[in-house]
Number of protein chains: 2
Amino acid sequence: MAGDAPDAIERIRQALLRRGSASAANPAPMIDKSAGGFHNLNHGSEVKVSSGKASATERQEQGRFSGEGPLSIHEVAQRAKVSIATVSRTINGVPTVTPELSRRVWKAIEEVGYYPNTHARSLVSGRSRIFGLIVSEITNPFFPEIVQGFEDVAVHHSYEILTTSVGHDPRRLALAVRRMIERRVEGVAIVTFGLEEALFDELKSRKIPLVFIDVGPALPRISNIKIDYLYGIRQAVQHLAALRHTRIAFISGPLSLKSAVARQRAFVDSMEEIGLPVNPKYLIEGNHTMEGGMAALRKILDLRNRPTAVLCSNDMTAFGVMRQSYEEGMQIPRDLSLIGFDDIRLAQFMIPPLTTVKMSQTEIAQLAFDALLAEVQREAPSPSGTEYTLRTSLVLRDSTALVANSSTRGRTKRPK
Amino acid sequence: MAGDAPDAIERIRQALLRRGSASAANPAPMIDKSAGGFHNLNHGSEVKVSSGKASATERQEQGRFSGEGPLSIHEVAQRAKVSIATVSRTINGVPTVTPELSRRVWKAIEEVGYYPNTHARSLVSGRSRIFGLIVSEITNPFFPEIVQGFEDVAVHHSYEILTTSVGHDPRRLALAVRRMIERRVEGVAIVTFGLEEALFDELKSRKIPLVFIDVGPALPRISNIKIDYLYGIRQAVQHLAALRHTRIAFISGPLSLKSAVARQRAFVDSMEEIGLPVNPKYLIEGNHTMEGGMAALRKILDLRNRPTAVLCSNDMTAFGVMRQSYEEGMQIPRDLSLIGFDDIRLAQFMIPPLTTVKMSQTEIAQLAFDALLAEVQREAPSPSGTEYTLRTSLVLRDSTALVANSSTRGRTKRPK
DNA sequence: CTGTTAGCGCTTTCAA
DNA sequence: TTGAAAGCGCTAACAG
């Protein structure tokens with residue numbers, strides 16, 4: 001068993017080295033204040049070093065710390081014959097620790113399987129290393145990608161993440177906000193595309209860094225990711241125009257959401273820019289769900305002078321349109337050209353693969369995290385928050401085609 | 001401003017009443033040890049009471065606690081002119097608090113906008129009120145439903161939840177396990193359908209309650225949700241048989257996963273039960289993704305004696321099959337009957353709507369949470385964990401049909 | 001460079 | 001019934 005120790009230490013050392021930082025046990029060329037096997041509370045961002053040589057049973061057999069709850073820093077100190085302060089320093093990579101002691105401490109940590117108690121660390125340091133992430137609907141395929149992206153980068157920076165999906169219920173949101181405050185999150189990313197801002201007052205008044213998508217004025221500690229809807233939507237409209245479409249409908253999201261309005265605005269502007277008529281009847285309000293898309297298409301088909309192409313405010317809506325056109329016996333893109341928005345992963349697997357405007361979920365997640373991290377690390381709060389921009393762009397697939405000659409193709413219900 | 005107070009108290013009181021519990025300030029008919037505006041650390045499960053009358057600005061204007069970090073129990077105590085112990089008792093609904101004091105405390109809490117610090121609570125109580133939830137792939141539509149379900153019930157019991165999506169990377173999993181231990185989770189639900197069990201040793205040795213899907217022997221503190229695959233798959237097979245299909249293929253998940261093996265086993269058993277031949281060539285190994293489904297169908301179409309129906313180990317695979325049959329110019333269900341597994345929400349929106357075997361994600365989430373909660377509340381650890389069972393069942397939609405007469409229908413690549 | 005010590009915010013004895 | 005005080009596990013002065 002003793003034979004394991006050098007090996008274990010070596011692994012930790014290497015892990016530290018890999019991070020390109022210095023540890024007392026092993027001075028590296030570059031001096032870097034941030035070092036340590038566990039994430040560091042005070043300094044820059046870290047990647048945790050995972051270790052754990054001694055197996056559970058081994059540990060039990062060592063007898064000392066038999067089952068009485070998780071071990072604390074004291075057990076480690078005792079075993080390494082140092083003070084708890086030294087253990088703490090070692091863990092946090094404070095560079096003043098003697099190599100010899102550091103070695104002993106790491107060895108002890110490995111042997112007893114010690115994992116520091118985050119609650120205690122948070123309490124004393126005042127930093128929880130937790131970010132909150134509020135999404136509207138995790139069951140909507142758009143959001144899991146963001147959650148995943150956010151988690152990836154958070155983990156990479158040793159941040160924990162409290163995810164919550166609040167739907168459209170303000171009470172759920174209020175509860176979520178409370179939970180986050182109680183857990184003392186250091187920042188919250190709000191990816192809901194327009195929930196009532198007043199609900200975040202508790203967060204704001206506590207000066208907790210926040211990042212929104214598409215909100216307007218940036219207050220101190222509040223960042224904003226501005227989506228450049230126009231860029232992609234204009235591409236989409238021009239693509240349709242190039243295919244000779246002139247009667248283009250737009251199915252929006254709920255117009256109570258700022259983002260939905262912004263997308264519709266972008267559509268209208270893009271149409272007008274190239275002199276295409278915007279028929280108000282072609283502006284349908286949907287709700288960003290498949291059902292909404294289905295209903296919207298039905299409305300569209302009831303129109304006298306039907307559009308030949310439809311642009312949707314999100315992909316789920318477009319899926320609904322596809323689904324409904326199947327019901328109606330219509331074929332996409334032959335009978336109707338269709339473009340979505342978001343480019344969720346499923347879009348490319350649709351039948352036919354959906355042409356859509358991409359709004360990168362990974363980038364949103366990355367930007368949101370960066371915004372929060374920057375704000376947390378900033379000494380003086382920025383005077384008015386930071387604004388980030390994300391460009392959208394068209395992704396061509398198979399759901400659009402040249403406009404058909406006969407625009408009178410019937411609406412034949414598919415026989416059941 | 002003073003006028004607000006009675007109102008605020010009333011709201012809290014009502015919230016307490018709604019919970020049907022007693023508080024010192026307001027003895028309710030039923031005596032219930034668990035009571036309190038914030039969740040209770042010691043007793044049963046709670047629903048938090050959300051309050052917060054005094055707005056941020058009001059609070060600021062009250063001048064006292066100007067911005068210097070979050071307020072602590074001391075400020076509340078001072079303002080209510082009681083000791084911090086009394087504040088603590090009030091919050092936790094200890095029944096010995098005088099109504100008069102309780103009122104004062106709640107008022108102070110409201111006025112200063114006090115939110116207890118969970119880290120401190122966790123530290124002293126040894127209970128974090130956090131459960132971990134490990135899923136394999138949150139971007140797979142099957143899992144978000146589970147995450148949502150789990151969150152719903154967790155919030156309802158005042159538990160926080162640490163979700164993590166680990167993919168198939170053992171290192172990510174190891175890291176996740178470490179994170180959870182550091183945050184001192186009280187239990188972990190593992191919904192990965194068969195990741196290497198050894199990776200959870202650190203959890204096990206710490207006697208942290210765990211719940212798996214489909215693992216074998218139940219150890220102490222380890223529960224298991226057993227999925228009754230046979231029930232639903234047998235229905236599916238018999239449904240196909242009733243439609244005169246005899247050549248039925250099965251696209252499994254990666255056979256390294258126990259659950260994938262179990263599903264395939266159920267398929268084979270169901271076939272044999274009714275005397276249908278199981279052609280080994282009809283047993284294709286997929287990987288539970290769309291791409292896998294697409295590849296699998298290609299393999300199937302290369303077979304000399306093609307099957308007329310395909311059963312898939314999950315819905316994503318079935319989606320892939322649909323997608324590929326579109327490429328191949330085949331039509332479902334005319335040319336091929338198709339059945340999925342899981343019944344993810346998207347299944348009903350497919351073209352055509354997918355007949356599939358339902359494995360309720362909500363129920364899994366509920367069962368998993370219940371299992372964890374039961375284990376946490378249990379005094380003596382159960383001798384060998386608890387086993388729960390979830391039944392599956394067929395959901396009929398439009399992706400199956402009577403077998404076609406001409407089984408020689410060609411494989412005509414769809415013209416691009 | 002290392003150890004001692006004073007808390008972080010809260011719960012929970014133990015007295016009063 | 002209430003308050004004083006002792007920690008929970010950890011970090012960060014402050015001495016030595």
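The shown structure was predicted, so the numbers you read here are calculated from the model rather than taken from an experiment. Quick note on labels: first sequence line is chain A, next is B, and so on, each numbered from 1.
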* To do: State whether A/Ser125 places a side-chain N or O below 4.0 Å from either non-bridging phosphate oxygen (OP1 or OP2) of D/dA12.
  => no
* To do: To the nearest Å, give me how far apart CG (B/Leu101) and C1' (D/dG3) are.
  => 11 Å
* To do: Give the nucleotide from the list D/dC8, C/dC1, D/dG3 with an atom nearest to the side chain of B/Val82.
  => D/dG3
* Structure fact -> Rounded to whole Å, the CZ-P distance (A/Arg183 to C/dG9) equals 17 Å
* Between D/dG3, C/dT2, D/dT2, which nucleotide has the shortest distance from any of its atoms to the side chain of B/Ala85? -> D/dG3
* Asked: Counting only side-chain N and O atoms of A/Asn117, is one of them less than 4.0 Å from OP1 or OP2 of D/dC8?
  -> no
* Asked: Do the ring planes of B/Phe369 and B/Phe150 sit parallel (below 30°), tilted (30 to 60°) or perpendicular (above 60°)?
  -> perpendicular
* Heavy atoms only: give me the nearest B/Arg183-A/Arg129 pair and the separation to one decimal. => NH2-O, 3.1 Å
* For C/dT11, take OP1 and OP2 only and decide whether either is under 4.0 Å from a side-chain N or O of B/Arg121. => yes
* **A/Ser83 side-chain N/O to C/dG3 phosphate OP1/OP2 under 4.0 Å** => yes
* **Selection from D/dT11, D/dC10, C/dC10 that lies nearest to any side-chain heavy atom of B/Ser72** => C/dC10
* Asked: Less than 3.5 Å between a donor and an acceptor, one on the side chain of A/Arg89 and one on the base of C/dG3, is that the case here?
  -> yes
* Asked: Rounding to a whole Å, what distance do you find between B/Arg129:CZ and D/dC8:P?
  -> 22 Å
* For A/Arg127 and D/dC10, give me the distance from atom CZ to atom C1', rounded to whole Å. => 16 Å
* Report the distance from atom NZ of A/Lys81 to atom P of C/dG3, rounded to the nearest whole Å. => 12 Å
* A/Tyr114 side chain near D/dC10 phosphate (N/O to OP1/OP2, under 4.0 Å) -> yes
* Structure fact -> A/Ile73 atom CD1 is separated from C/dG3 atom P, nearest whole Å, by 12 Å
* To do: Report the distance from atom NE2 of B/His119 to atom P of D/dT11, rounded to the nearest whole Å.
  => 14 Å
* Structure fact -> Contacts of B/Thr86 and B/Arg184 projected onto DNA chain D by closest heavy atom; the upstream (5') one is B/Thr86
* Tell me, please, whether B/Tyr115 has A/Arg206 positioned over its six-membered ring: NZ or CZ under 6.0 Å from the ring centre and within 45 degrees of its axis? => yes
* Which residue, B/Ile84 or A/Val87, contacts DNA chain D at a nucleotide closer to its 5' end, judged by nearest heavy atom? -> B/Ile84
* Looking at B/Pro116 and A/Arg184, what are the two nearest heavy atoms and their distance? -> O-NH1, 3.6 Å
* Asked: Between B/Thr98 and D/dT1, is there a side-chain N or O to OP1/OP2 distance below 4.0 Å?
  -> no
* Asked: When you check the gap from the basic side-chain N to the acidic O, do B/Glu186 and B/Arg127 get nearer than 4.0 Å?
  -> yes
* Asked: What is the distance from CG of A/Leu123 to P of D/dC8, rounded to the nearest Å?
  -> 13 Å
